[in-house]
Amino acid sequence: MSEYDPQALQAKWQQRWEEMDPFLASEDAADTRERRYMLDMFPYPSGDLHMGHAEAFGLGDVVARYWMQRGYNVMHPIGWDSFGLPAENAAIKRNAHPAEWTYANIDTQASSFKRYGIAFDWSRRLHTSDPDYYRWNQWLFTRFFDRGLAYRKGGLVNWCPNDQTVLANEQVVNGKCERCGADVVRRELTQWYFKITEYAQRLLDDMDQLEEGWSERLLTMQRNWIGRSEGADVQFVIEGRDEPVTVFTTRPDTLYGATFFVVAVDAALAEEIVTDEHRAEFEAYRAEVAKLSDIERLSTDKEKTGVFLGRYAINPVDGERIPVWAADYVLSDYGHGAIMAVPAHDQRDLDFARKFGLPVKVVVHTGLADPGETGEATPGEGKLVNSGPLDGLTKADAIRKIIEVLEKDGRGQGTVNFRLRDWLLSRQRFWGTPIPIIHCPDCGEVPVPDEQLPVTLPDMRGEALAPKGISPLASATDWVNVECPKCGGPAKRDTDTMDTFVDSSWYFLRYTSPGYNEGPFDPEQVRKWMPVDQYVGGIEHAVLHLLYSRFFTKVLYDMGLVEFTEPFKRMMNQGQVINGGKAMSKSLGNGVDLGQQIDDFGVDAVRLTMVFAGPPEDDIDWADVSPAASQKFLARAFRVMDEVAAEPGVSFADGDLDLRRFTHRTIDEVTGQVESYKFNVAVARMMELTSAARKAIDSGPGAADPAVREAAEALAVMLSLVAPYTAEEAWERLGHQGSVAFAGWPTADPALLVQESITCVVQVAGKVRDRLEVSPDISEADLRALALASDKIQPYLSGEPRKVIVRAPKLVNIVP
Ligand code: ANZ
Ligand code: ZN
């Protein structure tokens with residue numbers, strides 16, 4: 001009996017895989033196998049792989065390896081999302097170049113992936129920080145620019161006064177800079193944007209294609225982020241201002257209930273219309289609000305604040321004069337930055353009205369108590385009241401009617417609003433893709449011509465990269481000063497770099513044709529491989545990365561470069577690996593080191609533990625699982641496979657029938673479970689098969705029985721999805737050549753799935769009078785006849801019974 005030594009197995013098979021490079025997708029034209037594309041969200045090279053990677057990639061590998069076993073031509077690529085701030089900060093600290101840190105970490109992660117036994121096609125490896133890759137970011141940017149989808153505009157953005165850079169919304173956590181903790185402020189800056197809002201409706205509509213492969217949770221998150229609202233634009237005249245002001249409302253039916261008007265405190269309109277008398281108070285208030293994030297501003301728990309601007313607006317339907325206030329709960333960049341306030345039917349407006357003593361007027365009779373008294377707004381359905389021509393109508397009818405009236409009078413119209421904003425993509429940092437635009441005093445914004453791409457980063461390091469309010473690239477004067485590609489005059493390069501979400505919005509296309517240099521990807525290869533069949537990654541990317549990738553795909557579709565409009569057919573969002581009920585963190589000291597776990601238990605035990613812990617979407621609490629038990633199981637399974645004494649090629653048909661049945665039932669169930677992503681249950685079945693084979697060896701037909709070999713071979717192949725090293729070694733010891741990864745998924749023999757007989761209970765007048773052994777697929781008629789003919793039943797019957805209820809194959813109930 002040989003010892004199970006996981007570390008020795010790893011060393012041996014890692015070496016073999018290195019030589020065989022067995023997991024390459026085939027590009028052979030003669031290869032007619034159906035293709036499958038398995039994609040994992042590519043890693044950021046922040047250090048070595050951690051437990052989260054081990055889980056996500058372990059799950060993805062189950063799918064990839066299953067498809068390989070099923071005979072698909074599988075592409076399972078790997079690359080690195082290698083631009084980004086941490087590298088730059090490390091470089092500043094160590095007086096180095098960000099590339100040094102980045103590529104060293106990539107090497108570390110690559111060898112860890114190899115050790116972890118993920119079945120990658122290494123020939124497609126890419127790094128987004130390679131000029132070879134980011135050249136195509138720039139190429140795409142110029143195409144977006146030409147189509148009017150990349151543009152520069154001034155506007156309020158998140159600004160960290162400490163790091164002196166613009167931050168994305170997702171880098172602002174509770175109003176503070178995610179990196180340094182400083183209070184983030186809003187600042188007026190000119191930045192580059194992608195016009196994702198132009199695709200808002202299509203991003204919603206195309207979700208129809210994702211209903212099956214994406215979770216409801218994910219779809220809801222996308223829908224909410226896009227935030228489509230139907231309603232109306234309504235024009236209000238403001239006394240003393242020539243142009244009327246438009247507001248967006250989802251409840252035009254409540255127009256008669258508008259008792260005041262609110263302008264976003266940071267909107268230009270507020271500044272414009274505030275009277276001299278109120279200006280000082282207004283400015284002080286605005287300065288306070290500038291310190292808050294959107295999330296804080298919109299928080300319903302927050303005490304309402306605001307100032308009166310000294311002006312009045314005229315309600316377009318009844319001529320009512322209503323006071324105009326400035327407040328922070330109205331956002332300057334949603335709708336039109338101003339609202340009509342209907343306190344009776346909107347809670348935010350009601351809170352504000354009660355705080356400042358403004359009137360509350362009920363216009364929808366909901367049957368609930370007066371909001372002015374209770375402090376509870378009544379947003380629900382009901383008949384309109386106090387609303388002139390709308391009185392008596394339902395909400396839906398009133399909306400239709402008032403929009404008609406407004407449109408006829410030219411004071412408004414029905415409209416749709418989206419919460420989605422354009423994507424701010426420029427960053428004032430070094431380690432990213434330079435924006436390929438040249439600013440010419442005469443020609444304006446000129447895209448860098450294709451033949452001058454890539455615009456590579458200048459060589460800068462250390463202190464030169466420290467944040468200083470403008471991009472570090474601005475100080476590379478030799479790099480900045482160029483000739484205008486159009487007029488040849490002196491001009492300057494744009495010095496901002498792109499958000500790294502640009503890099504990740506199309507990398508999955510590049511994998512199909514990694515060396516291609518006539519475009520970002522070879523359309524021919526993309527046609528063969530895309531869309532991705534299965535994508536695996538964390539739910540934290542539910543909105544940003546997935547939304548951006550969907551947007552890019554639609555633009556590429558419009559450019560005629562791809563033939564589909566959705567990039568990812570199926571999504572799997574794995575849970576987190578936590579420890580002791582809490583996310584692992586340095587401050588809690590509850591971190592678990594992946595390398596240490598592998599040293600202690602071996603790769604296969606760690607992988608199996610991850611998969612066995614629960615359904616893929618659930619969090620895994622490392623305190624509740626046992627890699628030691630996984631290792632014990634693997635040793636047991638290995639010993640079973642190692643003890644098989646029948647020769648390879650033996651006819652299984654001669655084997656022990658009970659074990660054969662067990663094996664085929666297991667194959668059948670595991671197949672279904674893997675197909676439906678119940679990987680943990682599949683592992684449990686493999687454990688049962690191991691026990692059954694053990695029993696057959698020890699106290700059954702013995703190790704030489706062909707059924708034992710059949711069980712062991714099935715086990716090796718199924719186990720290869722979660723414990724590839726153990727499976728490879730067992731497969732070799734079972735006398736086979738080549739990698740177990742391509743052994744072929746076992747098929748269950750239907751004849752062996754039938755249970756031979758089943759016990760049928762026969763009742764007469766509700767009492768059990770007989771038990772029959774019958775075939776599980778006996779027909780109702782046969783079973784009825786059999787029961788009535790039984791010697792034990794006959795004595796209870798006198799002639800034809802009144803009623804016979806047959807529930808084949810388990811029950812016959814006779815009413816005599
Ligand atoms: C009057 C009204 C009455 C409203 C009522 C609601 C209920 P969604 O669904 O999110 O699109 N609103 C409009 N622009 C706003 C802005 N810039 N900042 C904050 N709030 C704004 O919400 C649209 C509703 O949010 C609009 O409909 C408006 O309030 C408010 F019983 O108008 B409503
Ligand atoms: Zn020019």
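Start at 1 and go down the list; that is how both ligands and their atoms are numbered. In this chain, residues are counted from 1 in sequence order.
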Any Lys/Arg nitrogen of [X] or [Y] sitting under 4.0 Å from an Asp/Glu carboxylate oxygen of the other?
X: Arg241; Y: Glu243; result: no
X: Asp397; Y: Arg400; result: yes
X: Asp422; Y: Lys195; result: no

Item to check | Whether over 12 other heavy atoms sit under 6.0 Å from Arg279 CZ | outcome: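 Correct, the count exceeds 12.
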Item to check | Glu483, CD: over 12 other non-hydrogen atoms inside 6.0 angstrom | outcome: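 Result for CD/Glu483: open.
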Item to check | Apex the Zn ion (ligand 2) - arms SG from Cys487 and SG from Cys484 - angle rounded to 10° | outcome: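 SG of Cys487 and SG of Cys484 make an angle of 100° at the Zn ion (ligand 2), to the nearest 10°.
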Could you pull out every N or O of ligand 1 that sits under 3.5 Å from a protein N or O, with the distance for each pair?
{"residue": "ligand 1", "atom": "9 (O)", "partner": "Ser229", "partner atom": "OG", "Å": "3.1"}
{"residue": "ligand 1", "atom": "10 (O)", "partner": "Arg419", "partner atom": "NH2", "Å": "2.5"}
{"residue": "ligand 1", "atom": "11 (O)", "partner": "Ser229", "partner atom": "OG", "Å": "2.6"}
{"residue": "ligand 1", "atom": "11 (O)", "partner": "Tyr334", "partner atom": "OH", "Å": "2.5"}
{"residue": "ligand 1", "atom": "17 (N)", "partner": "Leu331", "partner atom": "O", "Å": "2.8"}
{"residue": "ligand 1", "atom": "17 (N)", "partner": "Tyr334", "partner atom": "O", "Å": "2.9"}
{"residue": "ligand 1", "atom": "18 (N)", "partner": "Leu331", "partner atom": "N", "Å": "2.9"}
{"residue": "ligand 1", "atom": "25 (O)", "partner": "Arg348", "partner atom": "NH2", "Å": "3.4"}
{"residue": "ligand 1", "atom": "27 (O)", "partner": "Thr249", "partner atom": "OG1", "Å": "3.4"}
{"residue": "ligand 1", "atom": "27 (O)", "partner": "Thr250", "partner atom": "N", "Å": "3.0"}
{"residue": "ligand 1", "atom": "27 (O)", "partner": "Thr250", "partner atom": "OG1", "Å": "3.2"}
{"residue": "ligand 1", "atom": "32 (O)", "partner": "Thr249", "partner atom": "OG1", "Å": "2.7"}

Next on the checklist: Do Tyr256 and Asn315 pair up side chain to side chain, a donor and an acceptor below 3.5 Å, judged on atom types alone?
Outcome noted: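 Side-chain D/A pair, Tyr256 to Asn315: absent.
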